[in-house]
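Structure, as structure tokens:
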Amino acid sequence: MFTDLKKQPADKILQLMQMFREDPRTDKIDLGVGIYKDASGNTPVMRAIKAAEKQLWEEETTKKYTGLAGEPAYQDAMVDLVLADSVERNQVAAAATPGGTGAIRQAVELIKMASPDATIWLSDPTWPNHPSIIKYVGLNMAEYRYFDNATCGVDFDGMMADLAAVKSGDVVLLHGCCHNPTGANLNPAQWQTVVDHLGKVGAIPFIDIAYQGFGDGLDVDAAAVRLVASSLPETIIAASCSKNFGIYRERTGVLMTVSQSSDKTPLNQSTLAFLNRQNFSFPPDHGARLVTMILNDEALKADWMAELEEVRLGMLKLREMLAAELQRLSGSDRFGFLAQHRGMFSRLGATPEQVETLRVKHGIYMIGDSRMNIAGLNEATIPVLAKAIIEVGI
Ligand code: LMR
């Protein structure tokens with residue numbers, strides 16, 4: 001049977017990661033995969049995670065199975081972090097998942113189970129693994145315009161024009177904050193317009209929030225998901241702790257459903273547990289436990305928030321420096337969007353050929369659609385990147 005296997009398309013983010021590793025140049029710059037890096041290029045374990053791990057090592061007495069949907073304390077802590085008091089706790093079903101990707105996969109399985117004919121609407125562009133998972137699970141997909149190549153901002157008119165075709169029962173996937181890959185985000189008034197429209201047509205929002213705390217702060221970044229969850233009858237949320245807790249390899253995520261009527265919650269909760277059981281049984285616990293310890297301990301939480309804020313402000317500073325350097329070199333404001341974008345990524349608006357030249361000639365690695373990871377930069381590499389951007393004619 002193995003001889004019948006067909007080679008699957010490579011994930012372009014992971015492929016680029018491999019190419020970067022294999023490039024022998026010592027002055028190469030990695031702006032590819034979405035991993036936070038400090039000024040020395042390291043992805044440190046956050047202080048609060050280290051402290052919680054130490055405490056856990058001392059206190060943990062067993063490694064027996066946890067709950068099928070993870071520990072209730074983890075579910076509670078994550079519901080609170082993402083939704084705060086926008087909805088009642090008894091409106092939310094939550095299950096721990098292997099990372100944010102695991103939450104997305106489980107969400108797509110949930111949609112397939114509840115409504116196999118629904119179409120899932122994706123922003124064009126979106127994180128490439130979104131369509132890949134949906135296709136693999138076998139659901140219908142459609143795209144809505146999102147990015148304006150000319151301004152490198154949101155094409156809101158195009159988005160709303162495309163969302164006019166959404167039907168009752170369709171699912172619309174939205175990035176809660178820090179849009180990946182563009183860095184361009186809806187403003188609060190635009191979110192309200194989207195919510196009103198989805199409510200009018202009877203579509204279900206599915207929010208992927210993988211960068212809470214990387215944009216404008218923990219609460220501001222969750223404002224959209226809170227607005228959606230409190231306004232519409234049903235919401236699906238996939239959240240990740242990979243980035244904001246820096247625990248990429250621990251695979252820590254959560255899938256939540258929110259229903260306006262709390263009598264739906266027990267069925268939702270048991271369905272999420274069932275889906276976990278079918279796919280991997282019990283979710284990974286280590287990262288979830290650390291997150292729970294941090295969120296439930298005042299001192300650890302304060303330290304985590306302080307470090308996350310340092311990370312966020314560091315990325316903002318890099319954005320501003322790059323925009324300023326490009327303004328200086330180009331003599332124009334056309335790169336001002338870099339300082340307006342939020343999160344780890346910005347789409348530069350370069351052609352695939354220009355991206356290729358940056359890689360081949362300058363050793364600068366970004367995704368083919370010109371998404372760059374801002375956290376891959378530092379004060380020394382900003383002038384190098386800016387010069388190369390101008391040189392390749394972007
Ligand atoms: C990214 O978009 O680079 C990250 O979310 C990492 C990944 O798994 O693709």
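Both counts, for ligands and for their atoms, begin at 1 and track the order of listing. Being a predicted model, the structure only gives us computed values, none of them experimental.
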For V33, state whether at least one heavy atom is located under 4.0 Å from any atom of ligand 1. yes

From the list L290, L295, N296, side-chain contact (heavy atoms from CB on, under 4.5 Å) partner of T292 resolves to N296

Note: R371, heavy atoms under 4.0 Å from ligand 1, region reported as side chain

Taking only non-hydrogen atoms of Y211 and a 4.0 Å limit, the atoms of ligand 1 in range are 4 (C), 5 (O)

Fill in: Test item, K243 contacting ligand 1 (heavy atom, 4.0 angstrom)
yes

Atom 9 (O) of ligand 1: of F345, W127, Y248, the nearest heavy atom sits on W127

Ranked by distance from atom 3 (O) of ligand 1, the top protein heavy atom is G34 N, 2.7 Å

Which of parallel (below 30°), tilted (30 to 60°) and perpendicular (above 60°) describes H175 and H179?
-> tilted

Task: Test item: side-chain donor near acceptor, T193 and D196, under 3.5 Å - done: no

Within the 4.0 Å heavy-atom cut-off, what N180 brings close to ligand 1 is side chain

What orientation do Y211 and F345 show, parallel under 30°, tilted 30 to 60°, or perpendicular over 60°? perpendicular

Subject >> Parallel, tilted or perpendicular, as decided by the 30° and 60° cut-offs, for the rings of H341 and F337 >> reply: tilted

Residues Y365 and D23: side-chain donor-acceptor under 3.5 angstrom: yes

- Query: Could a heavy atom of M17 be found less than 4.0 Å from some atom of ligand 1?
  - Reply: no

